[in-house]
Protein chains: 2
Amino acid sequence: MRYHKVPDETIRRLPVYLRGLCSFPNDGSRSISSQQLAEVLHVKSPQVRKDLSYFGDIGTPGVGYDIQKLKKHIRTILRLNNTHCAALIGYGNLGAALLKYTGFKTFCVEISAVFEINPRKIGRVVQKIKIEDVSNISSLRKRGISVAILAIPALESQDVTDKLIDAGVGGILNFTPSYLSAPTNVKVVNIDIGVSLACLPYYLPVGA
Amino acid sequence: MRYHKVPDETIRRLPVYLRGLCSFPNDGSRSISSQQLAEVLHVKSPQVRKDLSYFGDIGTPGVGYDIQKLKKHIRTILRLNNTHCAALIGYGNLGAALLKYTGFKTFCVEISAVFEINPRKIGRVVQKIKIEDVSNISSLRKRGISVAILAIPALESQDVTDKLIDAGVGGILNFTPSYLSAPTNVKVVNIDIGVSLACLPYYLPVGA
DNA sequence: GGATGTGAATCCATTCACAGCA
DNA sequence: TGCTGTGAATGGATTCACATCC
């Protein structure tokens, strides 16, 4: 296929496809069509085909996609072949929940370091991980950790972000309600829980 | 302004604008321009203007937007004038964190009921709320609760969703990694934590 | 002068429709 | 025949540029 910039939206759907494939019976047929996959995930089949086509000819015309090969292919694209270690910044209510969250396993991502500002929490061992002072963030580069999850109060978010960037972190999952300023080579994905909830009442039928 | 369908993206930005306005000094100038607001929130100023223009002439040419009036206006649009009560389904790690989450206050949304499947948790009182059996979900309609937060395992998600819809819930914030089938008059907003994290490695510089 | 509100233009993503291959 | 891969068409949302109004 000729060169095309891969849309962010496509990248975002690849993990969804991967999870869909993982939940597929491994024993039965070895192949799956774009239509079958689309049906399970509630997306359109041309979307699946176009998304995958950005990365070369992965499927077989007349047959479909080999399930195992497709899984491997998506993992390779997303760089999820070998386990990624992530740093969790902030061990408050949300941080603690994220540390126990099991939904990262499918994607071979694992939280392997936890940082805190609160001195009372530093040094505690949680889920076999010793909570470190945020000043230790600078050690992330030599520890090979380049992904971070930010679950701290908004006020400190930019300070800590700067530290993360200094430490060579290239991807940040931001749970704070702040815009994080970062260079273009650092990817920030925002999850704004408050905003997501605040949208709902708008859609309620009038009178409810 | 003539009739135009309001894009979902616009609705999603309104809470962001609202939060931005709330953090603005209340004492100083009474007005704010689209440019000032855009700067704080890191969006483009024509975007702010177009978003707001969907709802009539809110601003004053040559002056800007009256901060207090704009806040009130956005709250009215989003139906956030009076406090909305929300039901939390699932008191696991994530559910517990969400119950303590303080980021809903800005938007006048408050969790006022908690439901669980696990009998060991039912009856416990957390944050002054007594955890109820999921079978009680049917009581939501007469309790005037029409928004729900779903933080349960994927397996049960559709079953519980059906219960919520039966109970008249019109908006669901879905933290499960499943597609929820719902009628068009029920709004589902998805937060897929695993997928959001799984996207990050793709953007890392090669070799990292 | 200065900032809004908005049609027009642009950009981006989704969907279609079909050529080409197994 | 059946399904992929893809250029073309469509559909939406963002951005521009300017007429309009305080």
Side-chain angles (χ1 to χ4, degrees), chain A residues 1-14 16-17 20-21 24 29-71 73-74 77 179 195 199 202, chain B residues 1-17 20-21 24 28-71 73-74 77 179 195 199 202:
Chain A
M1 172 198 210
R2 282 194 232 296
Y3 174 80
H4 279 89
K5 193 202 170 299
V6 182
D8 275 8
E9 299 298 316
T10 293
I11 298 303
R12 191 178 167 83
R13 276 187 296 268
L14 290 183
V16 180
Y17 297 164
L21 289 166
F24 239 74
S29 56
R30 304 198 43 73
S31 279
I32 187 173
S33 71
S34 60
Q35 206 166 110
Q36 289 175 283
L37 185 55
E39 212 161 288
V40 176
L41 301 172
H42 294 85
V43 296
K44 300 277 194 293
S45 67
Q47 177 110 86
V48 172
R49 291 202 299 280
K50 175 142 289 215
D51 282 343
L52 296 176
S53 78
Y54 285 113
F55 308 99
D57 295 10
I58 301 180
T60 313
V63 180
Y65 302 90
D66 180 291
I67 296 179
Q68 294 312 314
K69 275 190 187 155
L70 182 52
K71 280 168 65 173
H73 213 116
I74 294 179
I77 296 165
Y179 170 84
V195 164
C199 292
Y202 172 82
Chain B
M1 171 197 208
R2 285 194 229 296
Y3 174 80
H4 278 89
K5 192 201 171 301
V6 182
D8 274 7
E9 298 299 317
T10 291
I11 298 303
R12 189 175 169 84
R13 275 186 297 266
L14 290 183
V16 180
Y17 298 164
L21 289 165
F24 238 75
S29 56
R30 303 199 43 74
S31 279
I32 187 173
S33 70
S34 60
Q35 205 166 110
Q36 289 175 284
L37 185 55
E39 213 161 287
V40 176
L41 300 172
H42 293 86
V43 297
K44 300 278 193 295
S45 68
Q47 177 108 83
V48 173
R49 292 202 299 279
K50 175 141 287 215
D51 282 343
L52 296 177
S53 77
Y54 285 113
F55 307 99
D57 295 11
I58 301 180
T60 313
V63 180
Y65 302 90
D66 179 290
I67 297 180
Q68 294 312 315
K69 275 191 187 152
L70 182 52
K71 279 167 65 173
H73 213 116
I74 295 179
I77 295 164
Y179 169 85
V195 164
C199 291
Y202 172 82

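Because the structure is predicted, anything quoted here is derived from the model rather than measured. Note on naming: letters A, B, ... go to the chains in the order of the sequence lines (proteins, then strands), and numbering restarts at 1 for each one.
In this structure, the side-chain hydrogen bond (donor to acceptor under 3.5 Å, both in side chains) partners of A:Tyr17, at least two apart in sequence or on a different chain, are A:Asp51. With sequence neighbours left out, A:Val195 forms a side-chain contact (heavy atoms from CB on, under 4.5 Å) with A:Asp192, A:Cys199, B:Arg12, B:Pro15, B:Val16, B:Arg19, B:Phe107. Legend: residues meeting ring pair (Phe, Tyr, Trp, His ring centres under 6.0 Å) with B:Tyr179, ordered by chain and number and at least two apart, are A:His42. Partners of A:Ser45 by side-chain contact (heavy atoms from CB on, under 4.5 Å), not counting sequence neighbours, listed by chain and number: A:Ser34, A:Gln35, A:Ala38, A:Arg49. With sequence neighbours excluded, the residues forming a side-chain contact (heavy atoms from CB on, under 4.5 Å) with A:Pro7 are A:Thr10, A:Tyr54, listed by chain and number. In terms of the side-chain hydrogen bond (donor to acceptor under 3.5 Å, both in side chains) criterion, A:Asp66 has no residue partners (sequence neighbours excluded).
Note: OH (B:Tyr54) to C1' (C:dT4) measures 15 Å, nearest angstrom. In this entry the distance linking CD of B:Gln35 with C1' of C:dG1 reads 14 Å, nearest Å. Distance NZ (A:Lys50) to P (D:dT6): 8 Å, rounded to an integer number of Å. Regarding B:Ile67, its CD1 atom lies at a distance of 12 Å from the P atom of C:dT4, rounded to whole Å. Summarising the geometry, the separation between CD1 on A:Ile11 and C1' on C:dC12 is reported as 15 Å, rounded to the nearest angstrom. As a whole-Å value, the separation of B:Asp51 CG from D:dT15 C1' is 12 Å. When the P atom of C:dG5 is taken as reference, atom CG of B:Leu37 falls 13 Å away, rounded to whole Å. Straight-line distance from the NE2 atom of B:His4 to the C1' atom of C:dG7: 8 Å, rounded to whole Å.
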Every protein N/O lying under 3.5 Å from an N/O of nucleotides 18-22 of chain C:
from: C:dA22; atom 1: O4'; to: A:Pro61; atom 2: O; distance (Å): 3.2

Between the protein and nucleotides 9-13 of chain D, list the N/O to N/O atom pairs that are separated by less than 3.5 angstrom.
none

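Residue A:Ser34 is classed as a sugar-phosphate contact, given heavy-atom separations below 4.0 Å to backbone atoms only. Across all strands shown, A:Ile58 has heavy atoms under 4.0 Å from sugar-phosphate atoms exclusively, and none from any base.
Checking C:dG5, C:dT15, C:dA8 against every side-chain atom of B:Tyr65, the shortest atom distance belongs to C:dG5.
The minimum heavy-atom distance between A:Val43 and A:Val48, with the atom names listed, is CG2-CG2, 3.8 Å.
The shortest distance between side-chain heavy atoms of A:Tyr65 and A:Leu21 does not fall below 4.5 Å.
For residues 31-48 of chain B, no pair satisfies salt bridge (charged side-chain N to carboxylate O under 4.0 Å, His left out), with sequence neighbours left out.
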